[in-house]
Amino acid sequence: MHKWRTLSITKPTMKAAWWKEAVVYQIYPRSFMDSNGDGIGDINGITQKLDYLKDLGVDVLWLSPIFESPDDDNGYDISDYCAIMEKFGTMEDFDHLLDQAHEKGLKIILDLVVNHTSDEHRWFQSSRSDRNSPYRDFYFWREEQPSNWLSFFGGEAWEYDAETSAYYLHLFSKKQPDLNWENETVRQEVYEMMHFWLKKGVDGFRMDVIPMISKYLNFPYIDTNDFVGAIENTYTNGPRLHEFLSEMNKQVLSHYDIMSMGEGIGIKPEQGNLYTDPDRKELQMIYHFDHMSLDWGKGGKFDPQEWKLTDFKRIFREWHQELGDKGWITTFLDNHDFPRMVSRFGNDVDYRELSAKLLATLLCTLRGTPCFYQGSEIGMTNVAFESVDQYRDIESVNKIKEYEQSNGDLEMLKPILQKVSRDNARTPMQWSDEMHGGFSTAQTTWIDSNPNYLKINVEANLTTENSVLHYYKSAIQLRKNHPTLVYGDFLEYAQESESLYLYRRWDSNGDYLILLNFSDELHALPEEVKAIAQTEKLLGNYLKESEKEGIIRPWEALVYRINPTD
Ligand code: TEU
Ligand code: CA
């Protein structure tokens with residue numbers, strides 16, 4: 001009966017840290033809350049909602065960029081790192097937000113976007129206008145086009161600039177020239193800017209495309225049919241990357257008790273510890289994309305394929321094994337760059353609430369710091385925009401243009417956009433069933449709301465006992481009350497199942513069993529799991545107990561504590 005108690009209980013070697021125990025909540029400021037009725041979310045809007053966030057139980061708020069920017073890529077193109085975007089408010093508004101957040105025990109981390117700046121940043125302006133400018137070498141200028149690199153947002157990554165008769169590198173849009181980290185002054189400027197925010201009391205950074213800051217200076221040719229391969233093999237993990245990160249740690253990060261969370265694009269499990277092993281003194285954690293990109297086809301993100309649970313499980317298993325008791329990851333299933341998690345990994349039609357709750361259970365019981373994106377806590381879904389004119393994201397807009405120019409049938413593109421566009425996650429937060437979901441009192445907002453706000457909104461969730469929101473609160477509290485769910489070891493059952501994700505988290509403080517059914521069908525639990533006896537149920541997303549024993553219902557999520565046996 002108790003054969004599964006034979007797990008050898010070892011002493012935990014994983015070091016405890018507040019940022020491992022924390023739950024992160026990402027805010028996309030322009031879509032969170034509009035306080036002044038201009039149709040754009042803003043900083044004061046966030047301040048208004050701090051009590052809501054505190055009540056949800058999250059600890060750290062990651063704000064997508066709030067800095068001055070011409071907004072070519074919604075603020076990921078920064079023209080002044082130390083100024084607030086006018087649309088979002090003022091520096092006083094920000095100081096007030098930080099103050100209020102701290103008063104409530106919430107931390108705030110900012111988006112550090114230093115692989116590139118805006119082309120409207122004064123460094124680039126000077127660099128472009130004068131070949132002898134001290135800023136010339138802040139960017140990559142070449143007389144001849146060095147290679148065939150492609151940009152993430154379509155077209156070539158080397159842009160010819162007529163003003164100065166040379167090519168510059170931009171891995172993202174033309175308005176996002178890549179910074180040359182080989183130049184020591186660039187690095188010093190970045191570190192100084194980081195100190196500016198940290199001295200204000202900011203609690204850390206999420207670091208945008210950080211694996212890309214060191215370039216292979218021969219800019220090797222890529223296989224243009226394999227963009228994912230180009231990212232992994234050529235654009236990321238350049239020769240001086242770890243040198244730069246150690247330097248940043250030494251000069252900046254190590255001076256504060258803060259969170260550092262790298263966007264881990266292009267990082268493979270075997271590289272995870274190079275970034276996050278504490279002994280190496282670089283970053284605390286990264287979030288890898290392996291489970292997010294597994295359905296990108298050869299042509300990249302706009303060529304979606306179905307994902308498989310076995311791949312998903314294998315990825316987390318491999319990361320877990322590779323990191324061991326050293327490095328650490330952030331876990332996430334969506335953010336402002338991806339479709340909504342319930343639409344992608346759950347079933348947003350027949351089992352929206354159950355599957356949203358299941359995904360929350362997953363993130364709150366996996367090893368890694370969970371990072372939730374605004375709106376997931378009420379089960380917000382992808383949006384089916386009827387017209388391509390409703391898209392705002394540069395990635396989608398460029399794709400639409402490309403289609404138009406090649407006489408592609410836009411009707412064919414529509415279902416793809418509805419599935420993969422980043423705007424799926426960028427529609428306004430749904431607070432109530434009022435106009436624009438209570439996000440704004442303006443007639444029109446910068447992007448249309450998802451019409452399902454009539455049904456899916458915070459107010460309705462607050463007043464419904466069994467709502468997704470209330471479940472989130474319980475799942476978050478569960479993680480906080482049981483540190484084994486943070487630090488414990490990880491053991492899987494039925495690895496080959498395409499429907500069931502079944503695992504155990506355990507250490508000398510406790511032993512937990514997590515059962516997740518990622519399918520629309522009822523399944524029998526494997527014998528080895530049924531044999532685990534004497535358990536206490538801590539969390540479940542169905543109201544009633546199942547009448548049959550040993551089965552798990554569609555999208556059912558269960559967390560048990562396995563009682564110690566003698
Ligand atoms: O994203 C990095 C990135 O590579 C994304 O382009 C991602 O691959 C893509 O969104 C998937 O479709 C970061 C930011 O999160 C993103 O919003 C920015 O557009 C990008 O960097 C440039 O700063
Ligand atoms: Ca506003």
Side-chain angles (χ1 to χ4, degrees), residues 26 28-48 62-67 69 71-78 84-90 93 111-118 150-154 157 170-179 206-213 227-228 230-232 235-236 261-267 287-290 292-293 295-296 299-304 332 334-339 371 373 392-399 416-417 419-426 428 436 439-442 445-446:
Q26 183 193 352
Y28 199 62
R30 78 191 55 223
S31 301
F32 192 61
M33 182 66 201
D34 173 19
S35 71
N36 63 349
D38 65 355
I40 305 168
D42 45 50
I43 289 173
N44 288 337
I46 302 172
T47 311
Q48 286 173 12
W62 151 26
L63 310 188
S64 273
I66 52 168
F67 317 101
S69 158
D71 248 355
D72 189 52
D73 182 20
N74 285 2
Y76 282 90
D77 49 318
I78 297 170
I84 301 289
M85 190 183 302
E86 238 177 81
K87 296 174 200 167
F88 289 174
T90 63
D93 296 340
D111 220 311
L112 185 76
V113 189
V114 290
N115 172 69
H116 44 268
T117 67
S118 161
L150 295 176
S151 137
F152 275 80
F153 298 148
H170 63 90
L171 284 175
F172 294 90
S173 99
K174 287 175 195 164
K175 289 183 67 61
Q176 291 167 298
D178 281 53
L179 276 170
R206 173 266 185 183
M207 302 184 181
D208 194 65
V209 293
I210 202 71
M212 295 188 182
I213 57 174
F227 192 60
V228 177
I231 297 175
E232 287 172 359
Y235 292 177
T236 56
M261 169 171 111
E263 186 190 21
I265 185 165
I267 305 180
Y287 60 90
H288 67 80
F289 279 37
D290 288 353
M292 301 303 284
S293 29
D295 71 346
W296 296 11
K301 195 177 156 207
F302 283 88
D303 180 14
F332 77 111
D334 63 2
N335 61 34
H336 66 295
D337 288 337
F338 292 98
C371 182
Y373 180 69
R392 295 288 173 269
D393 172 30
I394 179 166
E395 187 184 57
S396 302
V397 170
N398 284 355
K399 202 72 194 174
I416 299 177
L417 287 171
K419 205 168 171 182
V420 302
S421 170
R422 305 197 294 185
D423 280 338
N424 281 305
R426 299 178 180 187
H436 310 307
F439 158 71
S440 172
T441 54
T445 50
W446 77 272

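Values below: all heavy atoms of this structure, side chains included; hydrogens, waters and symmetry mates excluded. Just follow the structure's listing: the first ligand is 1, and inside any ligand the first atom is 1. We number each residue from 1, following the sequence as shown.
- Protein heavy atom nearest atom 14 (C) of ligand 1, with residue, atom name and distance: D208 OD1, 3.0 Å.
- L179 has its side chain within reach of T117: a pair of non-hydrogen atoms, C-beta onward, lies under 4.5 Å apart.
- A donor and an acceptor atom, one from each side chain of Y76 and S69, are nowhere located under 3.5 Å apart.
- Using cut-offs of 30° and 60° for the angle between ring planes, the F332 and F338 rings count as tilted.
- Nearest non-hydrogen protein atom to atom 15 (O) of ligand 1 is D337 OD2, 2.5 Å.
- Heavy atoms of R206 approach ligand 1 to within less than 4.0 angstrom.
- Between the side chains of D72 and S173, at least one donor-acceptor pair of N or O atoms lies under 3.5 Å.
- Of the residues listed (K175, R392, R422, K174), the one engaging D73 in a salt bridge (Lys or Arg N to Asp or Glu O under 4.0 Å) is R422, and it is the only one.
- Atoms CD1 and CG, from I210 and N115 in turn, are 8.0 Å apart once rounded to the nearest 0.5 Å.
- Counting heavy atoms closer than 4.0 Å to ligand 1, residue F153 contributes side-chain atoms (C-beta onward) but none from N, CA, C or O.
- Any protein N/O/S atom under 3.0 Å from the Ca ion (ligand 2) was counted, giving 5 altogether.
- Of all atoms in ligand 1, listed by their number and element, those nearer than 4.0 Å to a heavy atom of E263 are 1 (O), 2 (C), 13 (C), 15 (O).
- Scanning the protein heavy atoms around atom 4 (O) of ligand 1, the nearest turns out to be I265 CD1, 3.0 Å.
- Atom 10 (O) of ligand 1 has as its closest protein heavy atom R422 NH1, 2.9 Å.
- At a heavy-atom cutoff of 4.0 Å, ligand 1 is contacted by no atom of M212, backbone or side chain.
- Relative ring orientation between H116 and F172 is described as tilted, the plane-to-plane angle lying within the 30° to 60° band.
- Proximity of M85 to R30: side-chain heavy atoms (C-beta onward) are separated by under 4.5 Å at one or more points.
- Taking the six-membered ring for Trp and thresholds of 30 and 60 degrees, Y28 and W446 have ring planes inclined between 30 and 60 degrees apart.
- Distance from atom 18 (C) of ligand 1 to its nearest protein heavy atom, with residue and atom name: D73 OD2, 3.3 Å.
- A side chain to side chain donor-acceptor pair (under 3.5 Å) with K87 holds for exactly one of N36, D71, D38; it is D71.
- The protein atom (non-hydrogen) at minimum distance from atom 20 (C) of ligand 1 is F172 CE2, 3.8 Å.
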